[in-house]
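Reading through the structure tokens given below for one structure.
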Amino acid sequence: MTIPALQDPGRQRSTFARPARLARPEGPEGLARPNRPGRPGRARPLAAACAAFAVVGALALAGCADQGSAAAGNNGEPGQIPETIRIANEATTNSVDPTLCGATEGFRLCYLTNGYLVEFGTGEPELAESLVAEEDNMVWTATLRPDLKFSDGSALTSEDVVASIERYLAPPLEGTLEVLRNIESVGAVDERTVTINLKEPDAFFVSSISYERCAILPSDKLDDETLGNKPIGAGEYVLEEFDLAAGNFTLQANPNWWGDQPKVKTIEITTVPDGATRLAQVRTGQVDYAKSVPANLVTDLPESLRVEKVGFPGGMIHLVFNANPDYGSVTSDVRVRQAINIAVDRAQIASVALKDFMDPLYGVPWIDPSDRAAPIERDLDRARELLRGTACENGCPLRLINITDFNWQLPVTSTIVQQNLAEIGIDVELVNTAQAATGQIANDQWDGAVVDPGYAVMTDASIAQGIVSAVWWGDGARYTELVDLQEELATATEEESAGIKERINESFAEIVPWVGLTDLYFLDVTSLPADVISSPIGWKLIVA
């Protein structure tokens, strides 16, 4: 999708592709979110009641319960926006330093408390009043809003932008932010103007610079312990108190934020690992918003509660393989991967395990559904034919990592994959593993894993890069064609991209580097209406 660059009167610009906007779902008319503070004239599409739709990788959400007519609870009268909102998270974060924070919970804190050049998910101006690309997309110029400040009241200038980006590009962070790997250099023209030079043209640079760890931080605090102890940011909220071990966080409205002050003054976050307990807390009014409630619990809710179906960029549940030929896993044989691809019952996974909150996914999870490959018919006879002459012709064992303490979708999906593959003689052993221990598993101890995405994000180019990142699990030489196609797509015109995507789909279907199972949504339950709090994507919370 090609759209005009952020406009600034009197200058000529090229065009660039932004991340997909929040999509208005099909079905009943979507609800329009009031303009966010500081962003006049821009309405945010939100979910239509009870409209479930699958746009994997698009930034989407859907409500599946009564939206409610007003904010309620013990911290606000009906019809009023409460000054304090209480949120129950499923897990804590490892750090409050935006350059170190990991997992979704940390990313949510990043976006609430830090400022970015452009807004994640839309590419709209945030700290940058404009972001201009030269004709070849090799040089980008950011012009900051006037009189920006950090949460401690100090001025935010181009020096801070340069220092922040240079910190991301230098050791020890070098290489940890792959989305910025294409930056050659960055420099300040004056107090409000920054020039970013790229190594090669990149039409998707805008989405890269909005990545949650690309926060703009004070240049004089980058070598200080402040980032991990008393963070200073430029977001809507300030992190006043926190306990990482317990997973408790208190955020206050940032008086120095560049936009209008949020109506919700305080956000209190607690960590409640058990999904049933989170739901019970929102039912009883102990919290106002419960993150990631398992689908089997979201039944027979009172009309006072609302369900949000929250999507993730590049969201999918997929089966990855240990295709390392040095290990000799059966999944290093492409015929075995192809057999598994047509033996798994995606419809059963979506309906039985995931309660119809997710839809089957085949092949590459392109943002635009029209680019997706056609559905694959489950064919056990064909799967058995593919296994002839392989190590699995007469049956074989398969060790599948089953992450038990992460997303609720994964264990139930793993169980159905186990049942499906038994029908073609593949005996799956589920190796129950805690998320923290997955990185310690040696290559010779597993054959595959059901996971959610750690690399497929936001843009078409990044989705293709996600395919290539699957090389990490196996033999890079096998995926040379996908690498080449990804590079073509990164700089292709809109007219060229359709043909490249078709070739990627074909190449992907031949080698099956991983098996897409369903799209990925999370279910949040709240007593508050969508114009008070919503999560348009899993990494962000929007509050009134």
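Computed from a predicted structure; not experimentally measured.
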[Y] side chain reached by [X] side chain, heavy atoms, under 4.5 Å:
X: I267; Y: V543; value: yes
X: F357; Y: L523; value: yes
X: D288; Y: I533; value: no
X: L517; Y: P360; value: no
X: R108; Y: K291; value: yes
X: I340; Y: F321; value: yes
X: I376; Y: N341; value: yes
X: S497; Y: I500; value: no

- Keeping to residues at least two apart or across chains, list the side-chain hydrogen bond (donor to acceptor under 3.5 Å, both in side chains) pairs with something in residues 271-281. D274-T277
- Kindly indicate, with the supporting measurements, whether the criterion salt bridge (charged side-chain N to carboxylate O under 4.0 Å, His left out) is fulfilled by E496 and K501. CA-CA 9 Å; E496 295 169 337; K501 290 176 185 178; over 6 Å; no
Would you call [X]-[Y] a salt bridge at under 4.0 Å N-O?
X: R372; Y: E502; result: no
X: R181; Y: E200; result: no
X: E385; Y: R382; result: yes

- Go through the side-chain N and O atoms of Y289 and E308 and say whether any donor and acceptor fall under 3.5 Å apart. yes
- Message: Checking side-chain polar atoms at under 3.5 Å, does T331 have a donor or acceptor matched by the opposite partner on D447?
- Response: no
- Just do the side chain to side chain donor-acceptor pair (under 3.5 Å) check on N505 and W366 with the steps written out, would you? CA-CA 10 Å; N505 284 339; W366 298 111; 2.8 Å; yes
- Message: Taking side chain to side chain contact (heavy atoms under 4.5 Å, CB included) as the criterion, tell me which of T415, I401, L410, V515 meets it with V450.
- Response: L410
- Qualifying residue for side chain to side chain contact (heavy atoms under 4.5 Å, CB included) with R399, from L430, V431, V428, D427: V431
- For the residue pair Y211 and F107, does the interplanar ring angle fall in the parallel (under 30°), tilted (30 to 60°) or perpendicular (over 60°) class? tilted
Say whether, by atom type as modelled, one donor and one acceptor occur between the side chain of [X] and the main chain of [Y] under 3.5 angstrom.
X: R306; Y: T526; value: no
X: R384; Y: A339; value: no
X: S507; Y: I504; value: no
X: N114; Y: C110; value: yes

- Query: Taking the six-membered ring for Trp, is the centroid-to-centroid distance between W539 and F120 below 6.0 Å?
  - Reply: yes
- Test side-chain contact (heavy atoms from CB on, under 4.5 Å) applied to I209 and L180, step by step: CA-CA 7 Å; I209 207 69; L180 299 184; 4.0 Å; yes
- Message: With side-chain contact (heavy atoms from CB on, under 4.5 Å) as the criterion, how do Y521 and D359 come out once you've worked through the C-alpha distance, each side chain's angles and the decisive distance to 0.1 Å?
- Response: CA-CA 10 Å; Y521 288 95; D359 287 332; over 6 Å; no
To the nearest 0.5 Å, what is the distance between [atom1] on [X] and [atom2] on [Y]?
X: E126; Y: Y116; atom1: CD; atom2: OH; result: 8.5 Å
X: M358; Y: I317; atom1: CE; atom2: CD1; result: 5.0 Å
X: Y362; Y: T518; atom1: OH; atom2: OG1; result: 10.5 Å
X: L354; Y: I416; atom1: CG; atom2: CD1; result: 7.5 Å
X: R346; Y: D519; atom1: CZ; atom2: CG; result: 12.5 Å
X: L482; Y: R503; atom1: CG; atom2: CZ; result: 11.0 Å

If you take all heavy atoms of [X] and [Y], which pair is closest and at what distance?
X: L301; Y: V525; value: CD1-CG1, 4.1 Å
X: D524; Y: S292; value: OD1-N, 2.8 Å
X: L198; Y: N137; value: CD1-O, 3.5 Å
X: L100; Y: S95; value: CB-OG, 3.9 Å
X: I424; Y: A383; value: CG2-CB, 4.0 Å
X: T92; Y: G247; value: OG1-CA, 3.3 Å

- Are N432 and T404 close enough, and set up right, to give a side chain to side chain donor-acceptor pair (under 3.5 Å), and what steps lead you there? CA-CA 6 Å; N432 292 334; T404 57; 5.9 Å; no
- Would you please test S535 and I542 for side-chain contact (heavy atoms from CB on, under 4.5 Å) and show each step? CA-CA 6 Å; S535 188; I542 294 178; over 6 Å; no
- Message: Run V412 and N296 through side-chain contact (heavy atoms from CB on, under 4.5 Å) and show every step you take.
- Response: CA-CA 11 Å; V412 292; N296 64 314; over 6 Å; no
- Message: Between T122 and E119, is the side chain to side chain donor-acceptor pair (under 3.5 Å) condition met? List the steps.
- Response: CA-CA 6 Å; T122 68; E119 186 178 51; 2.9 Å; yes
- Pair T99-D97, side chain to side chain donor-acceptor pair (under 3.5 Å): steps then yes or no: CA-CA 5 Å; T99 61; D97 179 343; 2.7 Å; yes
